[in-house]
Amino acid sequence: MTMLDPKILAEYNSIRRARNTTIFCHAAFTNMNFEQNGDATVCCYNRTHVLGNYPRNTLQDMWFGESAEALRRYMKANVLPNGCELCTMQFESRNFGGLRARAFDALADRTYREKDSRLTSMPKMIEFEISNICNLECTMCNGFFSSSIRRNREELPPLVSPYDAMFVRQLETFIPLLVEAKFLGGEPFLIKRYYEIWDLTIRLNPGIRISITTNGTVLNNRVIDVLDKLNANIIMSIDSFEKGNYERIRKGADFGNVMEHFQWFRDYTNKKKTSLTVAICPMQQNWREIPAVLDFCNERGVYLYFNTVTYPPDHALNALSPEGIAEVVQYLSAKELDARSDVHAYNNANYRDLIHQIRYFQRVG
């Protein structure tokens, strides 16, 4: 467990938009995350503190259960329990732009009230990671998130998804009250159960904010049809805009096709007045491209988000020698930042926070 440094917490709270900054992370009060193996957590970063497992537990029992209540007590005390190590690292490195806890602030003012020590409101967001079905074998990924890696690289039997039609029926109680739903994978557009959930959402809560994280390789008539009925924000996972390096990292993808799909998703989000984000994994394989990726996104009005890669060691920046990390910091810091729009300002802030985090690797390495 980690007690948050009051000095850093005050600095972080000064940039937050949430009215309620007495709680560092509102995930336990706002969100449920469903993992590939049936486990439910409150965040995709913390897979240690499990609320329950489907189908052994119902969704209602998990949300109102003792495990969830215990986590909420920790969060009220601004204590990060076991499993929150990644947010701890991002917090201590002052990578506030990449801080996962920040993603729940927007929901904090409309979430919960207490009665007889039991939270009576339902979650305002659900993150779905219910299948590892994926057509790529990205070099920094593993079989928990990619069925192709599990089959070909790890030579293991397929993961059997526990999420059945009853799971979708239980969501009928939750979806009408949601503000947002996020869909990850695997590759979401290859996961059949997601289409059932999207159809249910279109029927019960069509105005909900939808976010779909895709590798950008799948765009067919079925995808186009369901997206037309949703107001979806698209997050495209792209780790390089150089064809050779992109295809070395994202094994199985065709860079030309992904760029065609990128333009389609850009047109779609412009039409829907939603957002397109590029999510990049800064790694040993691509860190020299990051300034150019920033320019690419800024020039096109596309948001940029930096994931944190800590494994495998031959990819992670924190596994570099102190001299190697210093080189990365010096190279990235030389980039001149020009904020000409809100998108520029957002992306530049995330870029600076990435540098803060890499500097932190120097201090603790």
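All heavy atoms count here, side chains included; hydrogens, waters and symmetry mates do not.
Without hydrogens or angle criteria, Arg359 side chain to Val329 main chain gives no donor-acceptor distance under 3.5 Å. Of the possible donor and acceptor atoms, one in the side chain of Gln36 sits under 3.5 Å from a partner among the backbone N and O of Phe144. With hydrogens and angles disregarded, a donor-acceptor distance shorter than 3.5 Å links the side chain of Asn347 to the backbone of Leu304. Under a 3.5 Å cut-off, the side chain of Asn348 and the backbone N or O of Leu337 do not form any donor-acceptor pair. In terms of modelled atom types and a separation under 3.5 Å, the side chain of Glu154 and the main chain of Gly143 share a donor-acceptor contact. Side chain of Asn245 to backbone of Gln285: a donor-acceptor contact under 3.5 angstrom is found. Ser93 places a side-chain N or O within 3.5 Å of a backbone atom of Met89 that can act as its donor or acceptor partner. Not a single donor-acceptor pair under 3.5 Å links the side chain of Asn95 to the backbone N or O of His356.
For the residue pair Thr139/His315, the side-chain donor-acceptor check at 3.5 Å is satisfied. The closest side-chain donor-acceptor pair between Asn152 and Glu137 falls under 3.5 angstrom. Side-chain contact check for Thr214 and Glu187: at least one donor-acceptor pair (N or O, by modelled atom type) lies under 3.5 Å.
With respect to Arg203 and Asp199, no salt bridge is recorded, no charged nitrogen being found less than 4.0 Å from a carboxylate O. Using a 4.0 Å cut-off between a side-chain N of Lys or Arg and a carboxylate O of Asp or Glu, Glu69 and Arg73 do not qualify as a salt bridge.
Around the CD atom of Gln330, the shell of radius 6.0 Å holds no more than 12 heavy atoms that belong to other residues, nucleotides or ligands. In this structure, Asn221 places its CG atom where only 12 or fewer heavy-atom neighbours from other residues, nucleotides or ligands lie under 6.0 Å away.
Contact between Ile130 and Ser161 at its shortest, heavy atoms only, is O-OG, 3.2 Å. When every heavy atom of Thr269 is checked against every heavy atom of Leu276, the shortest pair comes out as OG1-CB, 3.6 Å.
Between Tyr195 and Trp198, the ring planes lie perpendicular to each other; the angle is over 60°, past the 30° to 60° tilted range.
Residues Trp63 and Phe174 place their aromatic rings such that the two centres sit no closer than 6.0 Å. Proximity of the aromatic rings of Phe91 and Phe24 is defined here by a centroid distance below 6.0 angstrom, and this criterion is met. Taking the six-membered ring where the residue is Trp, the centroids of Phe262 and Phe296 are separated by under 6.0 Å. Taking the six-membered ring for Trp and the full ring otherwise, the centers of Tyr54 and Phe34 sit at least 6.0 Å from each other.
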inquiry  = Could you go through Asp267 and Lys271, starting from their C-alpha distance and side-chain angles, then the distance that decides it, and tell me whether this counts as salt bridge (charged side-chain N to carboxylate O under 4.0 Å, His left out)?
reply    = CA-CA 6 Å; Asp267 293 341; Lys271 180 180 70 173; over 6 Å; no

Tyr303 vs Tyr346, ring pair (Phe, Tyr, Trp, His ring centres under 6.0 Å): CA-CA, chis, key distance, verdict = CA-CA 7 Å; Tyr303 291 98; Tyr346 175 90; 5.2 Å; yes

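In this structure, Arg288 is positioned above the aromatic face of Tyr331, its NZ or CZ under 6.0 Å from the six-membered ring centre and within 45° of the axis.
Residues satisfying the side chain to side chain donor-acceptor pair (under 3.5 Å) test with Asp239, not counting sequence neighbours, are Arg250.
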